[in-house]
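Notes to accompany the following structure.
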Amino acid sequence: MYKIMILTDSDGCPRSFPASEAFELEETYPYLIREHFKSSTFWQLSYGDITTMKLVNQPMGYLTHWDPNIIIIQSGINDCKPEEFSDLQKDLKSSFRTTIKKFKLVFSKSKIFWLEICVGTRCEETCPGINRRVAEYNRIIAQVYGEDFVSVQKKMLEVDGFNAADHVHWNKRAHQAAADILIERINACIKL
Amino acid sequence: MEHKLKRIMADVFDVPVEEINEHSSAHTITAWDSLKHINLILALQKELGIRFEDEEIPTMINYHIILSTIRAYLE
């Protein structure tokens, strides 16, 4: 039996709009992972519109003694959304880097998988510069987490996984794809 | 770094440095109240040249988290 922590922004939650892409809690990747690893204990925090520091402050404040074996974290889009005012972005990026490094140090005994920040191809139309900022933040995550940085963007585009309304949130197809990727990663991890 | 942190904490909480260890926290050190917490943060910032984020200060309530925070800034 393993202890698995899942931390996400709103992408860990089900969506109810547009109606054509509504899906249920039971179709979200955290739920699908729970179903696969039924004998494990889970703690999940999914919080919409949250920055990474606010998100990780919760388990750092209350759950360090729980010592999770595995942590899955999906966060970063809300950190890199703000547009490019150069001084502000520099501070935000520096703060983001420090936060994710700190999280890795605090939970040094846990295997942490950090999902790639991703957006749909049309997101740039409504949020100019987002692709570049997402790439920069992903580089930071990859530098800190190395092989435990979980690439998902390519897969999400393959399965047409972005919500048709905002091109940011995942739809049901993306959640299934994410669950498949993460289950494989967790299985590889627990076999070691 | 660990020795420096232990010294600062010992100074702020007025305890022997030998009493500061990886299990030290606001629950194990009697003197660690909210005022001393602020004093600790200020001392760390001054001595280490770090400016902690306002949001993370309330979470720095044990030795492990404080040390991890400092390392994230300095390493």
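Quick note on labels: first sequence line is chain A, next is B, and so on, each numbered from 1. Remember, predicted model here, so these are calculated numbers, not experimental data.
Contacts of residues 5-16 of chain B with chain A at a heavy-atom distance below 4.5 Å are absent; not one residue qualifies.
The cluster map of Ile, Leu, Val, Met, Phe, Trp and Tyr, joined by side-chain heavy atoms under 4.5 Å apart, puts I112(A) and M53(A) in different clusters.
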Using only distance, no hydrogens or angles, which N or O donor-acceptor pairs sit under 3.5 Å between chain B and chain A?
{"unit_1": "E53(B)", "atom_1": "OE2", "unit_2": "S95(A)", "atom_2": "OG", "d": "2.9"}
{"unit_1": "E55(B)", "atom_1": "O", "unit_2": "N57(A)", "atom_2": "ND2", "d": "3.1"}
{"unit_1": "E55(B)", "atom_1": "OE2", "unit_2": "K54(A)", "atom_2": "NZ", "d": "3.3"}
{"unit_1": "E56(B)", "atom_1": "OE1", "unit_2": "K102(A)", "atom_2": "NZ", "d": "3.0"}
{"unit_1": "H64(B)", "atom_1": "NE2", "unit_2": "V106(A)", "atom_2": "O", "d": "2.7"}
{"unit_1": "T69(B)", "atom_1": "OG1", "unit_2": "K102(A)", "atom_2": "NZ", "d": "3.2"}
{"unit_1": "A72(B)", "atom_1": "O", "unit_2": "K101(A)", "atom_2": "NZ", "d": "3.3"}
{"unit_1": "E75(B)", "atom_1": "O", "unit_2": "K101(A)", "atom_2": "NZ", "d": "2.3"}

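Here the side chains of M5(A) and I72(A) are not in contact, with every heavy-atom distance at 4.5 Å or above. At least one side-chain heavy atom of L115(A) sits less than 4.5 Å from a side-chain heavy atom of L182(A). F96(A) places a side-chain heavy atom less than 4.5 Å from the side chain of I141(A). Contact of the L7(A) side chain with the P59(A) side chain is registered, since non-hydrogen atoms from C-beta on lie closer than 4.5 Å.
Applying the salt bridge (charged side-chain N to carboxylate O under 4.0 Å, His left out) test to every pair with at least one member in residues 68-78 of chain A, sequence neighbours left out, gives no pairs at all.
In this structure, the separation between CD1 on I181(A) and CD1 on I186(A) is 12.0 Å, given to the nearest 0.5 Å.
Annotation: ring pair (Phe, Tyr, Trp, His ring centres under 6.0 Å) contacts of F42(A) (sequence neighbours excluded): none.
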Verify side chain to side chain contact (heavy atoms under 4.5 Å, CB included) between I50(B) and L44(B), making sure each step is shown before the conclusion.
CA-CA 7 Å; I50(B) 298 172; L44(B) 289 170; over 6 Å; no
